[in-house]
Amino acid sequence: MEGKNRYIKKIKMNFEKNIKDVLKKQLNLKEVVLEIPSNIELGDYAFPCFTLSKFLKKSPVQISKELEQKIKLPKGVIKIISIGPYLNFFIDKTIFSKEVITNILRKKEKYGSSCFGKKEKVLVEFSSPNIAKPFGIGHLRSTVIGNSLAKIHSFLGYNVIKVNHIGDWGTQFGKLLYSFEKWGNKRDLRKDPINYLFNLYVKFHNELEKDNLLIEDARIYFKKLEEGNVKLTKLWSLFSSLSLSEFQRVYNLLNIDFDYIQGESFYQSKLDSTIDIIKKTIPTEISEGALIVNLKKKNMPPLLLRKTNGSTTYHTRDMAAALYRLNKFKPKKLLYVVGSEQRLHFNQLFEVLSMMNLSREKFNHVDFGLINFPEGKMSTRKGNIILLEEVLDKSINLALTTINKKNPSLKNKEIIAKKVGIGSIIFADLSNDRIRNISFDWDKILDFEGETAPYIQYTYARARSILKKSKIKILSKNKIDFSLITTKEEYNLIKQISIFEEVLMKIATDLKPHHLAKYLLVLSQSFNEFYHKHKVIDLDNKEIMLARASIVYSVAQIIKNGLNLLGIDVSEEM
RNA sequence: GGACCUAUAGCCUAGUUUGGAUAAGGCGUCAGCCUUCUAAGCUGAAGAUCCAGGGUUCAAAUCCCUGUGGGUCCGCCA
């Protein structure tokens, strides 16, 4: 708690501490707990009197009433009122507003950032699409969650390493190489690489249903690949480079980049030594001809290091990756942004690492739910998936249509449509707790009203438009009279603004970006309420105009900073 | 058979980790608001046995137990 305060309490006046000190002295207690009232009109802090009633042998209502009479005003507090069993504190809005707003005017696009992370390294593994398969809507989740977590950690002063752990190895490539040799040719491959390979993959699975011995052929092909068969390796690397250049299109669209693209194949040369280290450090055994780490004591199935035929599994490659990353980057935290269906896999992996005395706490499986069709599961193998590019394109097109309808004279329509269309898709994913499954619905994902990115982007454009029309230059050296901030709507905004940093810190702890998405929605809602109730541009009262404009400026700045941390762009107009 | 996740208005969700003041928001429905800073907006109304049943507590959507529904996973796929 203390450590937390050190980083986030840039505000000089520590209202909370002042109130606690006075209460502690008055009640002769070592510790008191304050709450934030549910309604802003009930005050800024509240002290519940329930627990006291036991040894004071009075009702909480009575205690609260007596305290109201006896207690002296803490510094920064202007009013104390007993409301039922609570003692409610109202702080000096002028001081509070001044400290919050001056802070943001000073820090601008850095507002909310800090040195909380102390430059410690955080490795984020995310996106990780599979070569030779289309970039489906399912891969959106890891991509945008990982990107957002990476950005937020950087913003909080961590040294972030972004790794794209491409699925480019394993029996699936045995299947593909086998299929290509049997049914494929290079001329058709060049025309439309991913679709062509994808169709081969689907064909393989169709054939597999008729003849389940085919899987053995696939395993043999993968074994040959692992052993460095020249012809297959050449083919594999052709598939790989064709796929990567297609993926790059999606990353460009989403404006996402990586520090390392190290697919599973990257660890191939490190597998033997990895197995050696594991064998030396912890007990392993041969079971049904395969090399395993037995995890029965941990109530888990074994970790499979080497298959009966001698080739490796993704367990082995993930172990190699973990050891390599610990050794090379010495990270404080490692985040694996991978779907929740792999939970057991990561629990096994982390358990083995912990058996090897490699600190378990560093490793985090940032898991998330599936994207399903309302009628059931999407399946790459069966070929019923939705392409991410298709979703993005549709969304951008719809945004363009909407602009033409609502604001036909707007300049740079295409650029803005792209920001809105893509932002909308990203936000739809990030705005709910990642653990929940998502039921894919075209109508829902192509909706720009209500709790969506366009709603927030629109709020931003509104705010910027006011500032532009007011012709006021908001500078940190401006003399702003904060005592003119008197309305409920204004103060509500100041309160919202003040907790931005706390929201980011929470995300660094529980790794859930939806807190930020929900925060930006509430901030935008509060702003729109304010917007409709109070006029900012008022040429008769320049002082009030300046005070209100400083709030408008601050809200816009936070929306910009916040959306950016989710990987979403804003536009000055829309 | 076992393990993990999940359940909040017609629908989608926040709140659950850290128990407190009338359970919050969006979609949809109904009634209003554009000659005044962008209506992708705002105001109001209707709409909730917080899955069920027990327990702990002054106080439970939140903690504990037992069920039920849904999802995911359970060595040679990743």
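Labels below follow one simple rule: chain letters A, B, ... track the order of the sequence lines, proteins then strands, and each chain is numbered from 1. Please read these numbers as outputs of a predicted model, since none were measured by experiment.
A sub-4.0 Å separation between OP1 or OP2 of U38(B) and a side-chain N or O of Y460(A) is absent. Note on Y455(A): a side-chain N or O is less than 4.0 Å away from OP1 or OP2 of C42(B). In terms of phosphate contacts, S53(A) brings no side-chain nitrogen or oxygen within less than 4.0 Å of OP1 or OP2 of C58(B). Note on K469(A): a side-chain N or O is less than 4.0 Å away from OP1 or OP2 of U38(B). The side chain of K518(A) places no N or O atom within less than 4.0 Å of a non-bridging phosphate oxygen (OP1 or OP2) of G25(B). An OP1 or OP2 oxygen of C37(B) is reached within less than 4.0 angstrom by no side-chain nitrogen or oxygen of R462(A).
Donor-acceptor pairing under 3.5 Å is lacking for the side chains of N347(A) and H365(A). Of the N and O atoms on the side chains of H534(A) and E489(A), at least one donor lies less than 3.5 Å from an acceptor on the other residue. Side-chain polar atoms of Q525(A) and Y455(A) form no donor-acceptor pair below 3.5 angstrom. T459(A) and N528(A) share a side-chain donor-acceptor pair at under 3.5 Å.
Looking at heavy-atom distances under 4.0 Å, G170(A) makes contact with sugar-phosphate atoms alone, never a base. Among the protein residues, P302(A) comes within range of the nucleic acid bases, having at least one heavy atom under 4.0 Å from a base atom. Within the 4.0 angstrom heavy-atom criterion, no nucleotide atom of any strand lies near E41(A). Residue contacts for K444(A): at a heavy-atom cut-off of 4.0 Å it reaches the sugar-phosphate backbone alone, with no base atom in range. Residue contacts for A218(A): at a heavy-atom cut-off of 4.0 Å it reaches no nucleic acid atom on any strand shown. Backbone-only contact: K54(A) has heavy atoms under 4.0 Å from sugar-phosphate atoms and none from a base.
The E264(A) side chain lies nearest to A78(B) when the options are A78(B), C37(B), U38(B). Here C42(B) is the nucleotide among C42(B), C74(B), A40(B) with the atom lying nearest to any side-chain atom of E529(A). For P454(A), the listed nucleotide lying nearest its side chain is A40(B); candidates were A21(B), G41(B), A40(B). Listed nucleotides: A14(B), C77(B), C37(B). Nearest to the side chain of D433(A): A14(B). Minimum atom distance to the side chain of L370(A) is reached by U72(B), of the listed G75(B), U72(B), U13(B). In the set C37(B), A40(B), C58(B), the nucleotide with an atom closest to the side chain of F448(A) is A40(B). In this structure, the nucleotide among C77(B), G15(B), U13(B) sitting nearest to the side chain of H514(A) is G15(B). Listed candidates were C58(B), U22(B), A21(B). Nearest to the side chain of N39(A) is U22(B). Closest contact between the side chain of P37(A) and the listed nucleotides A21(B), A40(B), A78(B) involves A21(B).
Comparing E573(A) and Q525(A) by the nucleotide of RNA chain B whose heavy atom lies nearest to each, the residue mapping closer to the 5' end is Q525(A). Nearest-nucleotide mapping onto RNA chain B: of H515(A) and P85(A), the residue sitting toward the 5' end is H515(A).
Between the side chain of Y458(A) and the base of A40(B) there is no donor-acceptor pair of N/O atoms closer than 3.5 Å. Under 3.5 Å, the side chain of N88(A) and the base of A21(B) form at least one donor-acceptor pair of N or O atoms. S287(A) contributes a side-chain N or O that forms a donor-acceptor pair with the base of G75(B) under 3.5 Å. Taking only distance into account, the side chain of E341(A) never meets the base of G71(B) through a donor-acceptor pair shorter than 3.5 Å.
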With the sugar-phosphate defined as primed atoms, P, OP1 and OP2, and the base as all remaining atoms, what B/S/- string results for nucleotides 1-6 of chain B, 5' to 3', for protein heavy atoms under 4.0 Å? --SSS-

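Ring pair F373(A)/F440(A) is perpendicular by interplanar angle, where above 60° counts as perpendicular and below 30° as parallel. Taking the six-membered ring where tryptophan is involved, the planes of F350(A) and Y336(A) are tilted, since the angle between them lies from 30° to 60°.
Distance alone, capped at 3.5 Å, places no donor-acceptor pair between the S240(A) side chain and the W236(A) backbone. In this structure, S179(A) contributes its side chain and F204(A) its backbone to no donor-acceptor pair below 3.5 Å. When atom types are taken as modelled, the side chain of S470(A) and the backbone of I537(A) share no donor-acceptor pair closer than 3.5 angstrom.
Taking the side chain as every heavy atom from C-beta outward, S148(A) and L516(A) never approach each other to under 4.5 Å.
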Solution key, residues 291-300 of chain A side-chain donor-acceptor pairs under 3.5 Å, sequence neighbours excluded:
| unit_1 | atom_1 | unit_2 | atom_2 | d |
| --- | --- | --- | --- | --- |
| N294(A) | OD1 | K296(A) | N | 2.8 |
| N294(A) | ND2 | E285(A) | OE1 | 3.4 |
| N294(A) | ND2 | E285(A) | OE2 | 3.3 |

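Nucleotides G32(B) and A39(B) are separated by 13 Å at their C1' atoms, to the nearest Å. Remark: the separation of the C1' atoms in C63(B) and G44(B) is 38 Å, to the nearest Å.
Between L176(A) atom CG and A78(B) atom P the separation is 14 Å, expressed in whole Å. In this entry the distance linking CZ of R434(A) with P of C12(B) reads 22 Å, nearest Å. Across the protein-nucleic acid pair, F346(A) atom CZ and U72(B) atom C1' stand 15 Å apart, rounded to whole Å.
Remark: D272(A) engages R306(A) in a salt bridge, criterion side-chain N to carboxylate O under 4.0 Å.
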Distances for protein N or O near nucleotides 34-36 of chain B N or O, under 3.5 Å:
| unit_1 | atom_1 | unit_2 | atom_2 | d |
| --- | --- | --- | --- | --- |
| U36(B) | O2' | K535(A) | NZ | 2.9 |

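Applying the 90° criterion around 0 to the glycosidic angle, C34(B) comes out syn.
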